[in-house]
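For ligands, and for the atoms within them, numbers begin at 1 and follow the listed sequence. Atoms considered below: every heavy atom in the structure, side chains included; atoms not considered: hydrogens, waters and symmetry mates. Start at 1 with the first residue, then count along the sequence.
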Amino acid sequence: MLNVGIIGVGSYVPEKRVTNFDMEKILDTSDEWIRTRTGIKERRFASSEQATSDLATIAAERAIKDAGISPEDIGLIIVGTNSPDTLYPATACRVQARIGAKNAAAFDLQAGCTGWIYATTVGAQFIRTGMYKYVLTIGAEVITRMMDKTDRYTYVLFGDGAGAAVLGNIEDGGFLSYELYADGSLAQHLVLPAGGSRMPLSQEVLDKRLQYTTMDGREVFKFSVREISRLSKNVINKAGLTANDIDWFIPHQANLRIIDAGMKRLGIPKEKVVVTIDKYGNSSAATVPVALDEIYRAGKIKKGDKILMVSFGAGMTSGAFIVEWSK
Ligand code: UT7
């Protein structure tokens, strides 16, 4: 078994900024409520011409460039998304064509906001077994299109974005431990009810606005705080480390209060926790790879640093891994 690591990263967020003050103009909400309850100050919205594969393609091209490989070297592309361009074909296939990865298999993986952690964990196994040399994993969303503009409870929380990683064999370090989890009995807490085989689109569906996301925020909140700390502890133990050994924590960016509560349970100091929610809101499966790319581009990660990434979301799902930086 060979070591597997992240050999390239890239991200893209759309240019359009939507501030809390912009939200005040269209909804019965306030900058104060959004900031104090969630930590969000602004988020990015894709332009009307952009769909998820457009964002994913830019992030992917940046990650491939960073890895110093050619698109033709890639054996597999996995896109973690909850807002695919179309229900089928997979967004990953659209990305495959756009970047010219003509030797790659491609599929989407849907695991709520945990999508990129799931995709990367799955992708790493293909390299570990020797089936593929390079795997491209992407977390990409134009998730704001799945939200109801008239629902202040959900519309203020989300933003669009994409982050990507190229996985490959490395000499030292790389992934030290992984953990994936799901509890489908909690599925009703975060759902996009219509547009699938259970409830196809119809005029009645549109009148009831069931083509948009519904969420029980408090239940998701409880699950998330518990899962951030539980999964982080599990991957730390599996890797034979202690919390002190971790140099960077990159949690899913859904709510600053969830991040703070989770990190407090783990006893993690604020300086080690990467926070981007103030700028980007919750971009679902994209939050973790976008945050990783930001600290990487800022030159904050050193070779040998141990980075713990953890996420949770619809399903309900959760997942975490630790990677020892090898670049
Ligand atoms: O990636 C996973 C996806 N989702 C999440 O992780 C979300 C997890 N949950 C949360 O982040 C929080 O539960 C929310 C931010 C969604 C809500 O915060 P909360 O502190 O749990 O608020 P709440 O549901 O207890 O609502 C408090 C009040 C309510 O008014 P009343 O009933 O006290 O009069 C809401 O109607 O806040 C009201 N409210 C708002 N007020 C202004 C809800 N949304 C808004 C809003 N602006 N946008």
Side-chain angles (χ1 to χ4, degrees), residues 18-43 80-83 110-119 139-163 181-184 186-193 212-231 250-263 274-278 280-291 309-320:
V18 179
T19 66
N20 292 347
F21 299 104
D22 295 326
M23 288 289 173
E24 282 182 357
K25 290 178 199 146
I26 54 167
L27 287 166
D28 177 18
T29 188
S30 67
D31 169 59
E32 210 256 331
W33 190 95
I34 302 169
R35 252 189 311 103
T36 54
R37 297 282 177 143
T38 71
I40 300 167
K41 292 180 186 154
E42 58 181 45
R43 69 289 286 140
T81 188
N82 305 285
S83 46
Q110 202 218 78
C113 299
T114 323
W116 182 77
I117 298 276
Y118 259 71
E141 306 279 6
V142 180
I143 197 77
T144 56
R145 304 246 162 89
M146 311 292 143
M147 303 298 152
D148 185 347
K149 280 191 182 78
T150 65
D151 178 10
R152 68 175 182 174
Y153 198 64
T154 49
Y155 197 62
V156 301
L157 302 177
F158 293 90
D160 303 325
Y181 176 76
D183 184 350
L186 305 177
Q188 73 281 5
H189 294 327
L190 185 47
V191 189
L192 199 161
Y212 295 121
T213 302
T214 62
M215 177 177 73
D216 182 337
R218 287 184 200 184
E219 287 299 329
V220 176
F221 196 101
K222 277 192 278 180
F223 174 85
S224 309
V225 171
R226 190 190 75 214
E227 289 300 282
I228 278 198
S229 52
R230 187 178 73 85
L231 264 76
I250 309 183
H252 173 45
Q253 313 281 314
N255 187 319
L256 191 56
R257 290 188 293 139
I258 295 176
I259 297 174
D260 286 345
M263 295 298 129
V274 182
V275 172
T276 59
I277 189 166
D278 51 330
Y280 303 139
N282 179 353
S283 56
S284 192
T287 66
V288 174
V290 167
M309 300 182 230
V310 57
S311 193
F312 49 83
M316 304 291 293
T317 60
S318 50

**Item:** Those atoms of ligand 1 less than 4.0 Å from some heavy atom in Thr38
**Value:** 15 (C)

**Minimum-distance pair of heavy atoms, taken over all atoms of Leu27 and Val156** = CD1-CG1, 4.0 Å

**Message:** Less than 3.5 Å apart, any donor N or O on the side chain of Glu141 or Ser83 sitting next to an acceptor on the other?
**Reply:** yes

**Gln253 side-chain N/O to Val274 backbone N/O, donor-acceptor pair under 3.5 Å** = yes

**Prompt:** Which one holds for Asn282 and ligand 1: side chain close, backbone close, both close, or neither close, with close meaning a heavy atom under 4.0 Å?
**Reply:** side chain

**Prompt:** Is there a heavy atom in Val156 that sits closer than 4.0 Å to ligand 1?
**Reply:** yes

**Message:** Tyr153 versus ligand 1: do any nitrogen or oxygen atoms come within less than 3.5 Å of each other?
**Reply:** yes

**Per-atom contact, atom 34 (O) of ligand 1, protein heavy atoms, under 4.0 angstrom** = no

**Prompt:** Does Arg218 reach ligand 1 with a nitrogen or oxygen that is under 3.5 Å from one of the ligand's nitrogen or oxygen atoms?
**Reply:** yes

**Request:** Could you say whether the N/O atoms of His252 and ligand 1 ever approach to under 3.5 Å?
**Result:** yes

**Message:** I need the atoms of ligand 1 closer than 4.0 Å to a non-hydrogen atom of Cys113, numbered in the order shown.
**Reply:** 1 (O), 2 (C)

**Item:** Reported CG-to-NZ distance for the pair Leu186 and Lys222, which is rounded to 0.5 angstrom
**Value:** 10.0 Å

**Lys/Arg-Asp/Glu bridge criterion (N-O < 4.0 Å) met for Asp260, Arg257** = no

**Complete:** Separation between CG (Asn282) and CD1 (Ile143), nearest 0.5 Å, reads 8.0 Å

**Prompt:** At a 4.0 Å cut-off, with the gap strictly under it, does some heavy atom of Met23 reach an atom of ligand 1?
**Reply:** no

**Sub-4.0 Å atoms of ligand 1 with respect to non-hydrogen atoms of Asn255** = 10 (C), 11 (O), 12 (C), 15 (C)

**Message:** Any nitrogen or oxygen of Gly217, side chain or backbone, less than 3.5 Å from one on ligand 1?
**Reply:** yes

**Request:** Search all heavy atoms of Gly313 against all heavy atoms of Leu190 and return the closest pair with its distance.
**Result:** C-CD2, 4.5 Å

**Per atom 7 (C) of ligand 1, closest listed option by heavy atom (His189, Met215, Arg37)** = Met215

**Asked** Which atoms of ligand 1 have any heavy atom of Arg257 under 4.0 Å away?
**Response** 18 (O), 19 (P), 20 (O)

**Message:** Quick check on atom 29 (C) of ligand 1 - does any protein heavy atom sit closer than 4.0 Å to it?
**Reply:** no

